[in-house]
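Take a look at the structure below.
Please read all numbers here as calculations on a predicted model, not as lab measurements.
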Amino acid sequence: MSEEKVVLLPQREIRINSNYAMSLISDYPRKSLSSSELDTDVSIPSIERRSLTTSDYFQKLTKSFLVTPNVLPPNCRYIEKLNRGYLVVIEDPPCKRTIMVDASLESRRTSLLAAGKITDEEYPVTFLDKRPYRFNVALPYLIFLLYIQGNTVSCGEVYGRVSRLTGLADYLLKIPLPNISSDQYICFGDGVNKKCNSLNHAVENAQNVFWNAVFNVDYTYNITAYKDVPIVNNYFEWSLMSQKDPMFIYDIPWVKWKNNLTEEIRKLKDHAHATSGEQISFKELEEVFVRPISTGKTEVLFPGSKVKQELMYDIAQGIYITHNDKDLFLHVGDQICDSKGRKLFINSFIGMGTSENIRYIELHREDKKVLIYKFTKKTSKYIFDQIEAARYANTATMKNGVEIKPNDIIKIKRLSGDSYGKVQFIRQGRQYGHQAKIGNDFHIVENLEGEIFDIKEPEICGKKLKLKEKYLFIRGSENIPLFHASLVKYDGIDINSSGNMIAMFRCTDRVIGDQALPLAINNIDKPKRYSILDKSEFKISTSPSFRCGKRVLMLRSGTNPTQPANTVFYTPYGIGVEKNYKSQNLKITEAEKHFIINDTFVSESYDSNINFSIGEKVIAVDWRNPLEMLMVKTIVGFKVDNDIGKIFFILTDKNNKVSQVEYFNTNTGIMNVGKVRKIVNEINGIKAGTKIISKGSSRVSGFPKKDVNIIIGFIIDGGTQEPLVLCSNCQTLWFSDLETFELVKYKTKKWDKLQHAPIDISKIKYQPGDIIQGVTDVITSGGWFVWSQMPGKQFRVTPVEYLISYADSYALDGKLTTHTLLDGIPNPRLTSGQLTEMGTVNGYPNFHGGFTRCDYSPFLIPNEPRSFVNV
């Protein structure tokens, strides 16, 4: 058996020696990926996350987990240090408090007056004029259980007692106040989220928030519990008795809570997902390195203020400093030199609250002396100059002998897969050799294995990108056929903080401005959900309006009436629009301007362009009147009805009968693509009026050998490789299918003898790719698209208006089949056997019989090459 290769698995670890404690990511040799057995107990540090002197680490550990505050909050009867924060029990002595109540009390006052419990003199009707109502009530001992994390009360409970606490097994009472849940948790509201400067301050703030709140009727569980208890079951009597004899609180039959104090402490810890402080996890030991701890000193927030806040070590792990209009980011662990050339390492930033309030900087000199300097402009300038001179190393050598320098892109070799990183700078480490800042991590260069990665023309999505060249940057191409895209210039390769390669692009749109668009590539050969097209693969529309399928929209720039240009892009598989604009319906005046140009109606799209001119021959699709539908008509004009927001095609037949077809509705934004089709009388010498009879070799469904049909004309606006042949049975053939038919010319003797088959639309069965429309209760804007979810399975339908947004669908059941008709000229029919043999592909319809193949489409359509466009 061959020996398994030793592999290195990265592990987080903490190393402590007599001088330093370090949080590291280290490589551990293991026998195999599947083995948890270490091949050796030697680990190789690869990333230093943070280092402290050993004494500093243990001091922070002790303060973080083992020590309670030196000064306890007022009336504190119990405090427990948890793994995250503190649990505090406060016992407030009996007192009278004024509470505010926002509730409807009119009926309660009326009933108490009728019962003689209160009088008009005590509570006149004018008392009800001012809400919230104020009542001064006597209260027994109140027990607050508070969980405090980061000097903020996260949650709390409140109970009553008629005597002081004597032990953790003591009983607890409900108190008849609102704003308390059924589990006795206090509804503090947002006020309790205030960041306080100490634990004592947090306790004080929480109690103030509770008593200053306006009690409402959101939580009335405790009020309901006291409905049969005299006096305290209403605020009126409670307040009156509190003034006459506040000692009455010792005679009230208070409602006992089901748990004692110990049980509630346990419940509160479970609720907060906190554990006792002695249970310290590895994660918490890691957090000690960066956790702020108190210096034991305070300072005023700003000169002249009387408010003092506690100074904290490690308030930040890095800060920006500015000098001579240049920014520099300082990191804990950076090295500078003093005036005598001795090395100093930045060990801690000391301040209050956030990195904006840094007051001091702590430095460790190489002889282990600790220096603390006030963080002034003079200190900042000195450090800035020293960092530029002393922090950076020009080069360092990796474990495999490759020399690296700042701005190099490194391909880092890892077991879990290669990653990429850009060297920001190289500094001298406190413990291990050189450290290269790559992303958010400091890699130990001497333990690093990799190679310098150089890309001048990276290949992404099959494109070799060239600097400053224009491309179409497509986001989320799974949203085809309508998706977000931007016209961009390629701006080079970078690396993000996660070690992923980034191709940088910059928008060229004048409204958006010079906005950067990073494109992350985990593996440069396997891009994620995006696409890049070069200038030969897309067309920029000259109009801000666009048609996707039957849906017509216009881009607008917010409230600005100016219509943005160069923001609509036609690609082989869909339409890209710049996402920073709104897509809205057109107004009728805009539609007339955009679509009717001279004597022509035009509408561009990615899959087919609509172009109808006055004088052209067409057919108007109407399956409610098949005979009329087969009559060729001529376009004589276009009618714009401003009152109802619609555009109509005006047609005449050979008998000069005038008709109109609604083609665009600005209210729905639907263009009835497929309702009017362009037709010609002759192609390649074959003319309309020719009768056709299927030969024995013909396999075209709907044209049995016994039937005779007449060619009505040739439909030429499908955008497909072949025109469709429209026949007198209302069905179609591909032009090449005529090779399998006997052609009988018009007005010959044989032609006169042959009787053509009658129209029977019941024989035209639906198939994937059809557009149908309801005739009664299943009518939708634009109709329904028939497709196949899986080959050989039941067909499904999706509303046409959903094709550009999401694929909500329904089974093509008997109801839909019975209550619908075709809504366009159908492609040639296929038997189930032919459909199975042919197979299916993913695609979208152009509503003129053509389809765009697209792997992102959820719709399966027949794999008929003659029906494909953009090929």
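With Leu146 as the partner, the side-chain contact (heavy atoms from CB on, under 4.5 Å) test is satisfied by one option alone out of Val158, Leu268, Leu87, Val153: Val153.
Aromatic rings of Tyr360 and Tyr373 (six-membered ring for Trp) have centroids beyond the 6.0 Å cut-off, not under it. His271 and Tyr147 have their aromatic ring centers separated by at least 6.0 angstrom. A centroid separation of 6.0 Å or more is found between the aromatic rings of Tyr133 and Tyr123. Taking the ring centroids of Tyr57 and Tyr20, they lie at or beyond the 6.0 Å cut-off. Remark: aromatic rings of Tyr171 and Tyr159 are distant, center separation not under 6.0 Å.
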With salt bridge (Lys or Arg N to Asp or Glu O under 4.0 Å) as the test, would you mind laying out the steps for Glu286 and Arg50 before giving the verdict?
CA-CA 9 Å; Glu286 279 189 313; Arg50 181 73 160 90; over 6 Å; no
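Annotation: Tyr432, atom OH; neighbour count of heavy atoms from other residues, nucleotides and ligands within 6.0 Å is above 12.
Remark: Lys368 pairs with Asn19 by the side-chain hydrogen bond (donor to acceptor under 3.5 Å, both in side chains) rule, at least two apart or across chains.
Under 3.5 Å, the side chains of Ser294 and Glu310 contain a donor-acceptor pair of N or O atoms.
Under the 30°/60° scheme for interplanar angles, the aromatic rings of Phe215 and Phe210 are found to be tilted.
The pair Arg266-Glu263 fails the salt-bridge criterion, with no side-chain N (NZ, NE, NH1 or NH2) lying under 4.0 Å from an Asp/Glu carboxylate O.
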